[in-house]
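First up is the structure itself, then whatever we jot down about it.
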Amino acid sequence: MEFATFADRAGTIEAEPADLEIVAHVRDLLADAGNDGEGRRSSKDAVEPQTLELVARFVQGRVFPAWDSTTLDIGPSACYEAIARAAGTNVGADDVEDRLAEVGEIGDVAASYEFGGQQGLGAFTGGGGVGAGSGGGVGAGSGGNGDDLTVREVYDTLEELAAAEGSGSQDRKVDLLFGLYNRCSSEEARYLARLVLSEMRIGVGEGSVRDAIAEAFDVPHDRVERALQVSNDYGQVARIARDEGLEGLDAMDLAVGRPVQAMLAQAGTVTDALEEWDEAAVEWKYDGARVQLHHVLGASGGDGESATETRVFSRNMEDVTGALPEVVEFAEETLEEPVILDGEVVAVDDGGNPLPFQEVLKRFRRKHDVAKVREDVTVRPVFFDCLHAGGADLLEEPLTARHDRLRSVLAESDVGGDAGDGVADDDIEGLSLLWRTDDPDEIESIDANALEAGHEGIMLKDPDSTYSPGRRGKHWRKRKPDVETLDCVVTGAEWGEGRRATFLGTFELSVQSGDDLETVGKVATGITDEKLAELTELLEPHIAAEEGQEVDLEPAVVFEVGYEEIQSSPTYSSGYALRFPRFQGVRSDKDPADADSLERLERLQGE
Ligand code: AMP
């Protein structure tokens with residue numbers, strides 16, 4: 001397919017406001033690209049991508065597949081220089097930039113010049129500082145204005161451009177790009193400029209391409225979606241849909257080494273979670289950076305040593321292996337089968353306690369001086385999901401089964417090969433703990449422990465849910481931070497039991513109503529033993545009456561409490577109850593007279 005045809009279709013799509021029509025145009029474009037006369041091939045052949053694959057990516061502004069971290073690595077100013085050189089001897093990169101400031105969009109700028117005929121000048125006379133002889137490969141002899149530039153030639157040149165490294169590579173990149181512009185018509189230049197700067201913006205989202213593939217090759221949308229989830233490659237999915245149909249799509253699997261989009265979480269409350277699921281899977285929420293670990297065991301070499309390969313990807317599927325040697329070392333020491341694991345990398349102090357997120361950022365994506373920075377900030381991975389293990393994809397398995405598999409994968413090296421049944425979960429290095437419960441109090445105490453251990457809070461997950469790459473669904477919820485806190489007067493308490501018999505706990509909370517205090521709930525969770533001892537000391541002098549374990553307190557101390565909701569309730573004298581109240585701290589700066597009022601409670605409930 002000629003690049004001019006692609007540009008023309010891109011123009012039509014860009015001018016189309018209706019989504020359905022856009023899908024129809026993309027469908028036709030893919031169908032035409034798919035009939036480009038190239039031989040068809042089976043998915044097993046690792047040969048270069050076909051025009052259909054390229055068009056399926058170009059239309060989204062991608063040169064390489066979504067999973068591929070390869071970038072063109074060419075900055076805007078190099079692009080301006082290439083445009084300027086193709087535009088003629090009187091034009092400089094500054095002029096292109098000025099025009100961009102006026103027009104606002106690089107495609108319009110590129111389309112505003114006349115290209116062609118500069119190959120002799122640009123490439124060989126060194127206009128704009130080009131090395132002699134460079135850049136001629138693409139441009140030479142073609143004579144400008146879109147005569148025969150093809151989609152494939154554009155790709156091949158951009159691939160060569162991406163691969164240029166080392167000294168002089170920026171000049172080489174400019175040369176290659178210049179060679180392309182020099183063969184472009186205005187409209188081709190418009191879309192080339194946008195493609196190179198990843199700013200295609202013709203209104204084609206991932207969903208449009210998914211639907212267009214389904215329609216062009218007559219395969220069900222949901223199966224295209226699944227194939228896209230496992231491969232992250234619109235081009236490959238389009239080609240397989242065309243060549244192998246539904247059967248081919250369904251046979252597509254995850255590949256160790258090729259990143260998958262991460263499943264994402266929504267904000268949500270304990271109430272939502274327990275209303276929707278019989279019980280919740282509760283995990284700590286680690287304050288770090290998302291990582292996806294891919295680990296393969298290579299074939300045994302002649303010396304009997306087996307080579308392994310580990311790659312680590314960020315949430316955006318960027319390859320961050322080089323920045324995180326601890327993760328690679330962890331994998332090499334721990335893993336005994338090929339896996340894809342999902343987790344978080346956290347910065348830790350010498351005692352292994354988590355450090356704030358800013359510390360991880362000093363390490364994540366770092367390309368230089370990794371060994372040196374590693375001495376200052378140590379990171380460690382914690383994994384909470386297993387997408388693939390021992391040759392089997394697990395995306396369709398329920399969370400709890402995936403977590404069990406994760407456990408056995410991480411326990412292997414500790415226990416010499418079996419599933420590690422005798423080992424406690426918290427002794428398995430790198431394993432995120434998972435509790436299953438329908439008890440809100442237990443969830444509160446997991447949350448309190450998470451915070452106490454220096455983590456961000458908790459995640460609530462549907463134990464039966466499958467892994468949906470790239471989805472921000474309601475199956476994973478990060479516990480919503482509490483709504484505005486309330487300052488309540490402590491008007492009662494209970495003596496604890498057993499180990500806590502000498503501590504006051506289960507504190508009764510009240511708000512002001514005129515000259516009276518009305519109860520709104522009891523708070524028992526979110527308080528460590530150490531804190532209980534402190535609170536007992538603070539409250540004991542204010543005991544007004546005692547009966548059994550119950551204690552009445554004179555109004556003296558104010559607690560700040562969080563909660564999820566205020567409900568109408570006959571249980572307390574205010575007529576309201578705090579749902580899931582949580583102790584946040586003592587407001588030693590406040591007297592009971594400064595505590596919140598029933599009126600504020602009513603106002604908050606109405607919000
Ligand atoms: P947020 O970044 O606030 O949208 O929260 C979701 C992020 O929390 C995920 O993308 C992970 O990077 C991170 N996270 C930390 N702990 C967990 C966990 N146990 N399960 C899932 N995600 C987690």
Side-chain angles (χ1 to χ4, degrees), residues 229 259-270 272-273 277 279-293 312-318 320 323-324 327 340-348 352-361 363-365 379-387 394-395 397-407 409-410 425-426 428-437 442-443 445-482:
Q229 288 187 345
V260 189
Q261 289 194 43
M263 181 161 173
L264 302 171
Q266 275 183 0
T269 61
V270 174
D272 300 334
W277 316 320
E279 53 176 15
V282 187
E283 295 172 15
W284 287 355
K285 184 170 191 292
Y286 304 94
D287 196 7
R290 189 81 175 258
V291 283
Q292 196 175 93
L293 174 78
V312 188
F313 298 97
S314 73
R315 173 176 163 152
N316 301 327
M317 300 188 290
E318 211 182 312
V320 291
L324 304 169
V327 181
I340 304 177
L341 305 183
D342 188 7
E344 194 86 351
V345 70
V346 190
V348 291
N353 303 308
L355 294 170
F357 178 61
Q358 289 70 13
E359 297 298 310
V360 179
L361 288 185
R363 291 286 312 275
F364 211 68
R365 295 200 177 81
V379 295
R380 117 185 129 75
V382 194
F383 296 102
F384 44 75
D385 219 312
C386 180
L387 279 46
L394 304 172
L395 298 180
E397 298 285 324
L399 168 68
T400 44
R402 298 198 309 273
H403 197 270
D404 287 347
R405 194 70 178 90
L406 173 69
R407 185 188 188 287
V409 160
L410 294 175
D425 282 6
D426 40 6
I428 299 177
E429 212 189 315
L431 177 67
S432 160
L433 302 178
L434 182 148
W435 294 265
R436 290 178 70 162
T437 176
E442 193 181 344
I443 297 181
S445 66
I446 298 170
D447 195 8
N449 290 338
L451 295 172
E452 171 125 333
H455 302 294
E456 225 187 321
I458 50 171
M459 299 285 299
L460 302 162
K461 298 183 182 176
D462 176 354
D464 299 324
S465 59
T466 57
Y467 192 98
S468 324
R471 288 274 173 75
R472 190 179 291 288
K474 54 186 177 160
H475 296 301
W476 283 20
R477 291 190 158 118
K478 49 190 167 185
R479 187 184 186 170
K480 222 195 263 179
D482 286 307

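It should be emphasised that the depicted structure is a prediction, and the values quoted were computed from it without experimental measurement. In each ligand, atom 1 is the first atom listed, and ligand 1 is the first ligand listed. Residue indices begin at 1 and follow the sequence shown.
Relative orientation of the W284 and W435 rings is tilted, given thresholds of 30° and 60° on the angle between their planes.
Closest approach of T437 and E442 over heavy atoms only: OG1-OE1, 3.0 Å. Between R315 and R472 the shortest heavy-atom distance is NH2-NH2, 3.5 Å. In terms of heavy atoms, A265 sits closest to M459 at CB-CE, 3.5 Å.
Here the OG atom belonging to S465 is positioned 5.0 Å from the CE atom belonging to M263, to the nearest 0.5 angstrom.
Atoms of ligand 1 lying under 4.0 Å from any heavy atom of E283, numbered from 1 in the order shown and given with element: 18 (C), 19 (N), 20 (N). For ligand 1, the atoms lying closer than 4.0 Å to a non-hydrogen atom of M459 are 17 (C), 18 (C), 19 (N), 20 (N), 21 (C), 22 (N).
Not a single heavy atom of E456 sits under 4.0 Å from any atom of ligand 1.
For atom 6 (C) of ligand 1, the nearest protein heavy atom (residue, atom name, distance) is K285 CE, 4.0 Å. At the top of the distance list for atom 13 (C) of ligand 1, counting protein heavy atoms only, stands E344 OE1, 3.3 Å. The protein atom (non-hydrogen) at minimum distance from atom 20 (N) of ligand 1 is K461 NZ, 2.9 Å. Protein heavy atom nearest atom 3 (O) of ligand 1, with residue, atom name and distance: K478 NZ, 3.0 Å. For atom 9 (C) of ligand 1, the closest non-hydrogen atom on the protein side is R290 NH1, 3.5 Å. R315 NH1, 3.7 Å is the protein heavy atom nearest to atom 2 (O) of ligand 1.
The closest non-hydrogen atom to atom 23 (C) of ligand 1, taken over Y286, F383, F384, comes from F384.
No option in R402, R407, K461 other than R402 meets the salt bridge (Lys or Arg N to Asp or Glu O under 4.0 Å) test with D385.
Salt bridge annotation for K474-D462: absent, with no cationic side-chain nitrogen under 4.0 angstrom from a carboxylate oxygen. Contact check on E279 versus R436 returns a salt bridge, with a Lys/Arg side-chain nitrogen under 4.0 Å from an Asp/Glu carboxylate oxygen.
Using a 4.0 Å cut-off between heavy atoms, W476 contacts ligand 1 through its side chain alone, with no backbone atom that close.
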